[in-house]
**Q** 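Please read through the structure below; I'll follow up with questions.
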Amino acid sequence: MLQIDFLKNNKERVLNGLRVRNYSEKDLGIVDQILALDEKRRAIQTSLQQKLSERNAISKSIGELFKQGKTEEANNSRNKVTALKEEIAHLEGTLKEVKRALDDALLSVPNIPHESVPKGNTDEDNEIFKPYEGTLPALDENALPHWELAKKYDLFDLELGVKITGAGFPLYRKKGAKLQRALINFFLDEAEKAGFEEIIPPLMVNEDTARGTGQLPDKEGQMYHVTEDDLYLIPTAEVPLTNIYRNVILNEDDFPIKITGHTPCFRREAGSYGAHVRGLNRVHQFDKIEIVVIEHPDRSYERLQQMLKHVEGLLEKLELPYRILRLCGGDLGFTSALTFDFEVFSAAQKRWLEVSSVSNFETYQTNRMKLRFKEGKKTRLAHTLNGSALALARIFAALLENNQTPDGIVVPEALRPYTRFDIID
RNA sequence: GGAGGAGUGGCAGAGCGGUUGAAUGCACCGGUCUUGAAAACCGGCAUACUCGAGAGGGUAUCGGGGGUUCGAAUCCCUCCUCCUCCGCCA
């Protein structure tokens with residue numbers, strides 16, 4: 001959620017930012033609506049506070065008068081306050097309404113894109129930030145997509161998932177299960193080497209938490225909701241990890257806070273069907289190692305670059321061909337200011353698969369979460385960043401496809417200490 | 001799930017209807033003293049909103065929400081969390 005002061009002082013910047021997100025001139029009216037609501041709120045609040053102040057003063061004097069035995073004067077004052085009370089109740093009512101309208105309006109405005117974010121409507125318009133340098137691996141004609149390979153080597157089973165749960169809940173087995181576990185440990189170890197503290201968070205979160213990172217109110221459809229207890233299954237570890245610091249005031253020397261966690265991720269994503277979502281390309285449950293950083297605002301973009309390097313390192317160790325995209329305004333997530341997507345080339349499907357998304361949210365999440373730090377006497381909002389390092393299902397798919405040989409699927413060197421086998425056959 | 005108890009500032013802990021944003025201790029920061037440190041002493045030490053050019057005011061916050069009252073940390077309702085005992089259980 002944007003800060004109202006920022007909006008007030010940088011109106012042009014906000015408007016231009018929304019234009020990058022393809023807001024029409026008509027939709028931009030929301031900004032003026034917000035400013036008007038804020039003005040209204042302040043006016044009401046000021047007069048309310050005056051009345052409250054008056055009430056408090058009189059009430060205080062009543063106590064004094066009773067002590068002195070001046071009952072009559074005390075009763076006079078009492079009547080005065082009774083009259084005030086009505087005004088106060090009325091003002092409180094309108095204040096609440098206006099605040100609510102303001103809040104709703106503010107929540108409906110996405111983050112302002114970083115100046116480097118290109119204009120564009122869809123993922124077609126994303127900028128190739130770092131192209132793949134090399135020749136794309138070419139497999140021979142009868143190379144199999146991962147869902148076929150999975151059948152051939154009995155690595156995962158979607159039909160069994162259907163039986164147990166429903167579509168999109170894969171069941172891994174044999175060397176598939178081992179590879180899965182190897183990847184998890186590999187990614188966690190690499191994150192630890194890079195200075196991230198490993199955390200195993202709860203997989204269900206309450207409403208406040210979901211709101212803090214921006215899953216609510218607008219994206220509730222993407223989360224599984226346990227209505228009986230009003231809890232949400234996490235769509236990513238970002239949610240519980242970042243919310244550790246909800247309502248926290250840090251010291252300046254606490255930065256950077258670097259945490260990581262492996263969790264299953266649950267996504268409802270009212271799905272489409274077809275080749276693009278076959279196999280593990282899009283599932284309702286997948287494992288992911290997430291890295292989360294809470295950083296000083298002056299250093300967050302530097303940190304974002306470091307996070308990119310970390311993810312690059314992982315893909316290089318796994319010997320997967322990748323490229324990095326800078327998302328355009330139209331494809332940029334609601335809460336993000338700048339996002340880089342990593343894509344891995346799947347040789348068998350002959351397409352790029354998104355395997356990681358690394359973003360700087362600036363103060364958008366921290367404003368909702370009230371995550372601040374002390375800067376001298378004042379408090380200031382911190383920046384949050386996060387990235388997948390990495391998401392398993394698609395990496396798993398790409399590994400199977402790209403490394404297939406007539407003899408089996410070759411495990412990349414870096415992973416062998418974890419799998420304890422060299423080949424899947 | 002049943003029965004009881006409790007939630008106050010960074011921590012400990014008073015207050016249980018009236019100048020209490022909240023005693024006191026500890027922690028922390030600044031100062032005096034000291035060659036330096038400790039001790040001692042003095043001072044400071046929440047957050048948000050709001051008015052004001054500023055100095056400085058005001059409002060709200062004692063787990064959350066609602067209510068009673070001229071006035072609530074104090075009384076009532078409700079929710080949440082924690083503790084003790086019983087039951088169930090990996």
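Below, chain A is the first sequence line, B the second, and so on; all start at residue 1.
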**Q** Give one of base, sugar-phosphate or nothing for A/S61, where a contact means two heavy atoms less than 4.0 Å apart.
**A** nothing
**Q** In whole angstrom, give me the gap between the P atoms of B/rA73 and B/rU68.
**A** 16 Å
**Q** Taking the C1' atom in each of B/rC85 and B/rC76, what is the distance between them to the nearest angstrom?
**A** 28 Å
**Q** Could you tell me how far apart A/N367 (CG) and B/rC49 (P) are, to the nearest whole angstrom?
**A** 10 Å
**Q** Please say whether the positively charged group of A/K174, taken as NZ for Lys or CZ for Arg, lies over the ring of A/Y153, i.e. under 6.0 angstrom from the six-membered ring centre and within 45 degrees of the axis.
**A** no
**Q** Rounded off to whole Å, could you give me the NZ-to-P distance for the A/K378 and B/rA46 pair?
**A** 15 Å
**Q** Looking at A/K175 and A/D154, does any basic side-chain N land under 4.0 Å from a carboxylate oxygen?
**A** no
**Q** Please name the nucleotide paired to B/rC26 by Watson-Crick or G-U wobble geometry with both distances under 3.5 Å, or report none.
**A** B/rG10
**Q** Report the residues that fulfil ring-ring contact (aromatic ring centres under 6.0 Å, His included) with A/Y245, sequence neighbours left out, ordered by chain and then residue number.
**A** none
**Q** Starting at atom NZ of A/K51, determine the distance to atom P of B/rC51, rounded to an integer number of angstrom.
**A** 17 Å
**Q** Would you mind reading off the distance between A/Q3 atom CD and B/rC49 atom C1', rounded to a whole angstrom?
**A** 14 Å
**Q** Under a 4.0 Å threshold between the charged nitrogen and the carboxylate oxygen, would A/D103 count as salt-bridged to A/R100?
**A** no
**Q** Using salt bridge (Lys or Arg N to Asp or Glu O under 4.0 Å), reason through A/E54 and A/K80 one step at a time and then give a plain yes or no.
**A** CA-CA 10 Å; A/E54 234 175 287; A/K80 252 198 263 178; over 6 Å; no
**Q** Looking only at atom P, what distance separates B/rU81 and B/rG43, rounded to whole Å?
**A** 44 Å
**Q** Applying a 3.5 Å limit to both distances, which nucleotide forms a Watson-Crick or G-U wobble pair with B/rU59?
**A** B/rA48
**Q** Looking at A/I58, is its backbone amide N or carbonyl O close enough to the side chain of A/S61 to form a donor-acceptor pair, meaning the two atoms are under 3.5 Å apart?
**A** yes
**Q** Considering every strand shown, what is the Watson-Crick or G-U wobble mate of B/rA90 when both distances are under 3.5 Å?
**A** none
**Q** Within the 4.5 Å heavy-atom criterion, are A/L318 and A/I395 side-chain neighbours or not?
**A** yes
**Q** Tell me the partner of B/rA39, counting only Watson-Crick (N1-N3 plus N6-O4 or O6-N4) or G-U wobble (N1-O2 and O6-N3) with both under 3.5 Å; none if nothing fits.
**A** none
**Q** Looking only at atom P, what distance separates B/rG13 and B/rC89, rounded to whole Å?
**A** 37 Å
**Q** Report the distance from atom NZ of A/K40 to atom P of B/rU50, rounded to the nearest whole Å.
**A** 17 Å
**Q** Across the strands shown, which category fits A/I249 at heavy-atom distances under 4.0 angstrom: base, sugar-phosphate, nothing?
**A** sugar-phosphate
**Q** A/R380 has an atom CZ; how far is it from atom C1' of B/rA48, in whole Å?
**A** 19 Å
**Q** Please identify which of these residues, A/R372, A/Q3, A/R380, meets the side chain to side chain donor-acceptor pair (under 3.5 Å) condition with A/T363.
**A** A/Q3
**Q** Watson-Crick or G-U wobble partner for B/rC75, using a 3.5 Å limit on both distances?
**A** B/rG67
**Q** Say you pick atom C1' in B/rA12 and the same atom in B/rG7; how far apart are they, in whole Å?
**A** 15 Å
**Q** A/R41 side chain N/O closer than 4.0 Å to the phosphate oxygens (OP1, OP2) of B/rC49?
**A** no
**Q** Pick the C1' atom in B/rG4 and in B/rA23, then give their distance to the nearest Å.
**A** 31 Å
**Q** Counting primed atoms plus P, OP1 and OP2 as sugar-phosphate and everything else as base, spell out the protein contacts along nucleotides 52-81 of chain B at 4.0 Å heavy-atom distance: B, S or - for each nucleotide, 5' to 3'.
**A** ------BBS-----S---BS----------
**Q** Does B/rC51 have its OP1 or OP2 closer than 4.0 Å to a side-chain nitrogen or oxygen of A/R42?
**A** yes
**Q** With C1' as the reference atom in both, quote the distance from B/rA22 to B/rC41 in angstrom, rounded to an integer.
**A** 26 Å
**Q** My understanding is that only residues two or more places apart in sequence, or in another chain, count here; which of them pass side-chain hydrogen bond (donor to acceptor under 3.5 Å, both in side chains) with A/R211?
**A** A/E207
**Q** Given the P atoms of B/rA72 and B/rU19, what is the spacing between them in whole Å?
**A** 11 Å
**Q** May I ask which nucleotide in the shown strands pairs with B/rC82, Watson-Crick or G-U wobble, both distances under 3.5 Å?
**A** B/rG5
